[in-house]
Amino acid sequence: MLSDKELQEFKTLLEERKEQILKNIDASEKEMNSLKSTHVSDEADQATINTDTAIDEALNRKQLQEIKEIEYALFKIQNKLYGICEMCEEDIGIERLKVKPQAKYCIVCREIVEKRG
Ligand SMILES: [Zn+2]
């Protein structure tokens with residue numbers, strides 16, 4: 001089990017991470033908008049911009065997904081469920097949480113989930 005102090009540390013970590021992602025999304029949206037408003041004369045340039053936009057959008061989706069995971073982890077901290085594997089209900093382990101604070105599963109279960117797809 002994690003101590004209250006450790007929980008507090010993970011809470012801070014998750015909140016900081018969330019803020020950072022929101023900033024990233026905001027910055028890339030601004031960049032996208034400025035690209036869209038730029039007059040493009042060359043067709044090749046337009047193609048490049050379209051590709052960049054698609055990559056940005058995929059990245060944003062990934063980041064939004066991560067925010068959801070972080071919010072869920074924060075919810076679990078509040079409800080004293082944090083750090084417990086959702087599959088086997090064992091402790092996830094602090095070392096793993098340090099690498100991925102929003103982890104839902106312990107290392108063993110994660111492998112099972114990933115194999116299942
Ligand atoms: Zn597990």
Side-chain angles (χ1 to χ4, degrees):
M1 274 298 279
L2 296 165
S3 68
D4 285 349
K5 187 173 167 285
E6 283 162 342
L7 281 175
Q8 194 55 46
E9 277 169 15
F10 280 115
K11 187 168 178 267
T12 309
L13 199 73
L14 285 158
E15 279 167 350
E16 278 171 3
R17 177 84 185 126
K18 187 180 154 189
E19 211 165 296
Q20 187 58 48
I21 295 171
L22 286 172
K23 271 188 206 155
N24 284 350
I25 292 175
D26 197 46
S28 70
E29 267 174 8
K30 276 187 190 134
E31 197 187 295
M32 247 193 272
N33 288 336
S34 73
L35 277 178
K36 277 177 191 159
S37 59
T38 314
H39 179 71
V40 183
S41 52
D42 197 315
E43 252 177 59
D45 282 351
Q46 185 61 61
T48 310
I49 289 170
N50 286 345
T51 313
D52 284 352
T53 308
I55 292 168
D56 278 349
E57 277 170 3
L59 202 69
N60 273 357
R61 259 201 301 278
K62 212 173 157 243
Q63 289 182 323
L64 286 172
Q65 178 63 37
E66 199 175 343
I67 283 184
K68 273 188 206 157
E69 286 173 12
I70 289 171
E71 280 176 346
Y72 185 50
L74 288 167
F75 166 83
K76 288 200 292 189
I77 288 176
Q78 254 181 349
N79 291 277
K80 311 247 176 264
L81 297 166
Y82 184 73
I84 300 163
C85 173
E86 290 184 15
M87 203 123 96
C88 67
E89 294 178 359
E90 296 285 335
D91 287 350
I92 291 175
I94 195 157
E95 290 309 318
R96 172 155 161 70
L97 290 171
K98 277 180 187 163
V99 178
K100 198 187 178 194
Q102 70 269 39
K104 285 184 194 173
Y105 306 114
C106 70
I107 198 92
V108 179
C109 294
R110 196 198 75 158
E111 272 176 29
I112 299 167
V113 171
E114 277 183 357
K115 267 177 206 154
R116 244 199 253 150

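For the residue pair Cys85 and Cys106, the shortest heavy atom distance occurs at SG-N, 3.4 Å.
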Please report the C-alpha distance between Arg61 and Glu57 in whole Å, then the side-chain angles of each, then the deciding distance to 0.1 Å, and finally whether the salt bridge (Lys or Arg N to Asp or Glu O under 4.0 Å) criterion is met. CA-CA 6 Å; Arg61 259 201 301 278; Glu57 277 170 3; 5.5 Å; no
Run the numbers on Ile92 and Tyr82 for side chain to side chain contact (heavy atoms under 4.5 Å, CB included), then give the verdict. CA-CA 9 Å; Ile92 291 175; Tyr82 184 73; over 6 Å; no
Decide side chain to side chain contact (heavy atoms under 4.5 Å, CB included) for Asn60 and Met32; before the verdict, give the C-alpha distance in whole Å, the side-chain angles of both, and the deciding distance to 0.1 Å. CA-CA 11 Å; Asn60 273 357; Met32 247 193 272; 4.0 Å; yes
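Under a hydrophobic-cluster definition in which Ile, Leu, Val, Met, Phe, Trp and Tyr are linked whenever side-chain heavy atoms come within less than 4.5 Å, directly or via other members, Leu97 and Leu74 are assigned to the same cluster. In the hydrophobic cluster analysis, where Ile, Leu, Val, Met, Phe, Trp and Tyr join through side-chain heavy atoms closer than 4.5 angstrom, Phe10 is grouped together with Ile67. A chain of hydrophobic side-chain contacts below 4.5 Å, direct or via other Ile, Leu, Val, Met, Phe, Trp or Tyr residues, connects Leu14 to Ile21.
Counted within 6.0 Å of CD on Glu66, heavy atoms from surrounding residues, nucleotides or ligands total more than 12; the atom is thus considered enclosed. Heavy-atom neighbours of Glu114 CD from other residues, nucleotides or ligands within 6.0 Å: above the threshold of 12.
A salt bridge (charged side-chain N to carboxylate O under 4.0 Å, His left out) with Glu15 is found for exactly one of Arg17, Lys18, Lys11, namely Lys11.
Salt bridge present: Lys98 and Glu95 bring a charged side-chain N and a carboxylate O closer than 4.0 Å.
Considering only heavy atoms from C-beta on, Glu86 comes within 4.5 Å of Lys76 through its side chain.
Here Ile94 contributes atom CD1 and Met1 contributes atom CE; the two are 12.0 Å apart, rounded to the nearest 0.5 Å.
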